[in-house]
Colleague: 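Have a look at the structure that comes next, please.
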Amino acid sequence: MKPFKMAARESHENDTLVPIAGPERTIYIGEGYCTIIAGPCAVESREDYLEIAVQLKTMGVHILRGGAFKPRTSPYSFQGLGRSGIVIMAEARQLTGLPLISEALDVRDLDYLYEQVDIIQIGSRSMQNFPLLEQVGKLDKPVLLKRGMAATIEEWLLAAEYILNRGNPQVILCERGIRTFENYTRNTVDIGAIALVKILSHLPIIVDPSHATGKWRMVTPVAKAAIVAGADGVMVEVHPEPDRALSDGKQSLTLENFQKLREQIINLAKIEHKIVL
Ligand code: PEP
Ligand code: MN
C-alpha cells in the first residue's frame with residue numbers, strides 16, 4: 001500500500017470531482033472538466049477588485065481568486081488587506097455570481113474564511129502546516145492544496161492525506177513550481193508531476209503557471225502544457241495594470257492577455273474532450 005492511503009488511486013475507483021457551489025450555479029473541478037480560476041494576486045482596493053471581477057465574469061472565468069492574507073517573503077512587503085479584503089471579495093461574489101478562492105494563512109481565520117469563500121487555499125509555504133491542514137480537514141469546504149516549493153510529490157500527497165483523513169474529501173491539488181538550481185524563472189514547473197499525480201491519485205489537479213514561472217510571457221505556454229499533461233484547470237493572476245500591482249505584477253496577465261489564454265485553453269480542452277462550463 002502507498003504511504004498516502006486515502007489519496008491513492010487504489011482507494012478510490014473513480015476520479016474525485018469536487019463541486020464548488022457558487023451563488024449562481026455549481027462549478028466542478030476534476031474529472032471531465034476544465035476549470036479556469038483567475039484574479040489578482042492580492043485584493044488591493046475595493047474599486048479595482050470589483051471592476052476586475054466584473055470583467056473576468058464577462059470573460060467566462062469560473063472562479064475568482066484574490067489574496068487577503070498574503071504570505072510575503074519580506075515583512076516589509078504588502079501583507080494584504082486581511083479580513084477587509086475578504087469583505088471586498090464577498091461583495092464581488094454577490095455582484096458577479098462567481099465563487100471565490102482565497103488563502104488561509106492562520107487557523108484563527110478559518111471560521112471567517114469558511115463563511116465567506118467557496119474554496120480555501122493552502123499556500124505553498126503552508127503545505128506542511130499540519131495544524132492548519134487538520135483544521136481544514138474538519139471542514140465541509142473544498143480545499144486547494146498548493147505544492148510546497150521544496151516538497152516531493154510524496155510529501156505533497158501526504159499533506160493531502162492530512163486533510164482527507166480528518167474527513168474532508170474535497171481536496172484539489174495545485175502544482176505551482178518547485179525550487180531548483182534554475183533561477184532565471186521564479187520556480188521550475190514540474191509538468192511531469194501533473195501526469196504522475198494523475199497516475200498515483202484520484203484527486204483533481206490544477207496548475208498555477210503564474211507563481212510557477214514568475215514571468216507573464218510564460219504563463220500561457222505553461223498553462224497549455226499543463227492541460228495537455230492532464231491538469232483539470234488553471235489558476236492565473238490577472239491585474240488591470242500589472243505595472244502598478246502591489247504584488248506579483250511581473251507574472252500577472254493583463255485582461256487582454258488573459259482573454260487570449262482563455263481562448264487557447266478552451267481550444268485545448270475541446271481536443272482533450274473536457275467540459276468547459
Ligand atoms: C498565491 O496563489 O496567492 C500564492 C501565494 O501562491 P504560492 O502559495 O503558490 O506561492
Ligand atoms: Mn501572487
Side-chain angles (χ1 to χ4, degrees), residues 29 35-44 48-49 52 56 61 63-75 77-82 85-86 88-89 100-106 109 113 117-129 132-133 136 142-151 153 155-156 159-160 163 171-180 185-190 193-194 197 205-216 218-219 222-223 226 231 233-254 258:
I29 304 181
T35 308
I36 301 177
I37 306 175
C41 177
V43 182
E44 299 177 352
D48 278 358
Y49 194 78
I52 200 158
L56 289 171
V61 160
I63 299 168
L64 279 177
R65 68 153 283 147
F69 305 101
K70 294 302 300 172
R72 303 308 302 282
T73 302
S74 164
S77 301
F78 174 60
Q79 302 287 308
L81 300 180
I86 300 294
I88 295 166
M89 289 185 75
L100 303 175
I101 178 168
S102 198
E103 176 168 351
L105 260 186
D106 190 316
D109 293 312
L113 280 166
V117 309
D118 302 281
I119 307 174
I120 293 178
Q121 178 172 322
I122 303 296
S124 186
R125 292 155 191 80
S126 302
M127 190 205 82
Q128 285 184 318
N129 180 338
L132 187 57
L133 298 178
V136 295
V143 175
L144 182 95
L145 179 65
K146 294 191 113 185
R147 181 176 182 181
M149 60 185 75
I153 292 170
E155 286 163 345
W156 186 20
I163 305 171
V171 178
I172 303 147
L173 300 167
C174 179
E175 164 62 39
R176 48 78 73 209
I178 48 174
R179 276 272 168 98
T180 66
T185 52
R186 184 173 180 181
N187 291 288
T188 297
V189 198
D190 192 355
I194 298 166
V197 162
I205 178 167
I206 67 164
V207 72
D208 168 353
S210 308
H211 293 91
T213 63
K215 295 186 189 316
W216 72 266
M218 293 178 71
V219 168
V222 167
V234 299
M235 177 164 79
V236 295
E237 289 186 335
V238 182
H239 195 283
E241 288 174 62
D243 288 346
R244 69 170 172 85
L246 297 179
S247 56
D248 291 350
K250 287 193 166 53
Q251 66 196 35
S252 297
L253 297 176
T254 58
F258 170 73

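Read the numbers this way: they start at 1 and go in the same order the structure lists the ligands and their atoms.
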Colleague: Give a yes/no verdict on whether any heavy atom in R147 is under 4.0 Å from an atom of ligand 1.
Modeller: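 R147 does not count as a contact of ligand 1 under the 4.0 Å cut-off.
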Colleague: D190: which residues meet the side-chain contact (heavy atoms from CB on, under 4.5 Å) condition with it, sequence neighbours left out?
Modeller: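 Counting only residues at least two positions away or on another chain, D190 forms a side-chain contact (heavy atoms from CB on, under 4.5 Å) with R147, I153, E175, I178, A193.
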Colleague: Closest approach of S210 and M235, non-hydrogen atoms and distance?
Modeller: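 For S210 and M235, the tightest heavy-atom pair comes out as OG-O, 4.2 Å.
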Colleague: Of all the heavy-atom pairs spanning S102 and G66, show the shortest one and how long it is.
Modeller: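 Shortest heavy-atom contact: OG-O, 2.7 Å.
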Colleague: For atom 3 (O) of ligand 1, grab the closest protein heavy atom and report residue, atom and distance to one decimal in Å.
Modeller: R65 NH2, 2.8 Å
Colleague: Check ligand 1 against G123 and write out every atom of the ligand that is under 4.0 Å from a heavy-atom position of the residue.
Modeller: 8 (O)
Colleague: Return the minimal non-hydrogen interatomic distance between I206 and A231, and the atom names on each side.
Modeller: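 Nearest pair, atom of I206 first, then A231: CA-CB, 4.4 Å.
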Colleague: Test your reading of the model: is there a side-chain donor-acceptor pair from T35 to the backbone of G233, 3.5 Å cut-off?
Modeller: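 Side chain of T35 to backbone of G233, a donor-acceptor pair under 3.5 Å: no, none is there.
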Colleague: Can you name the closest pair of heavy atoms from M89 and R65 and give their distance?
Modeller: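 The pair with the smallest heavy-atom distance is CE-C, 3.9 Å.
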Colleague: Could you find the nearest protein heavy atom to atom 6 (O) of ligand 1 and give me its residue, atom name and distance?
Modeller: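 Looking only at protein heavy atoms, the one closest to atom 6 (O) of ligand 1 is K146 NZ, 2.9 Å.
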Colleague: Can you list the residues that meet the side-chain contact (heavy atoms from CB on, under 4.5 Å) rule with A38, with sequence neighbours excluded?
Modeller: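 A38: side-chain contact (heavy atoms from CB on, under 4.5 Å) contacts with L56, V61, V236, V238, F258.
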Colleague: Considering non-hydrogen atoms of the protein only, which is the closest contact for atom 8 (O) of ligand 1, and what is the distance?
Modeller: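 Ranking protein heavy atoms by distance from atom 8 (O) of ligand 1, first comes S124 N, 2.8 Å.
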Colleague: Heavy-atom count around R72 CZ within 6.0 Å, excluding the residue itself: above 12?
Modeller: yes
Colleague: Could an N or O of ligand 1 be found under 3.5 Å from any N or O of E237, whether backbone or side chain?
Modeller: no
Colleague: Kindly identify the option in M235, K70, R176, M127 whose heavy atom sits closest to atom 10 (O) of ligand 1.
Modeller: R176
Colleague: Which atoms of ligand 1 have any heavy atom of E103 under 4.0 Å away?
Modeller: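 Checking each atom against E103, I get 5 (C).
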Colleague: For L145 versus W156, what's the shortest heavy-atom pair and its separation?
Modeller: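 Result for this residue pair: O-NE1, 3.3 Å.
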Colleague: According to the salt bridge (charged side-chain N to carboxylate O under 4.0 Å, His left out) rule, which pairs have a member within residues 242-253, sequence neighbours left out?
Modeller: D48-R244, R186-D248, E241-R244
Colleague: Which atoms of ligand 1 have any heavy atom of R125 under 4.0 Å away?
Modeller: 7 (P), 8 (O), 10 (O)
Colleague: Give every protein N, O or S atom lying under 2.8 Å from the Mn ion (ligand 2), naming each by residue and atom.
Modeller: C41 SG, H211 NE2, E237 OE2, D248 OD2
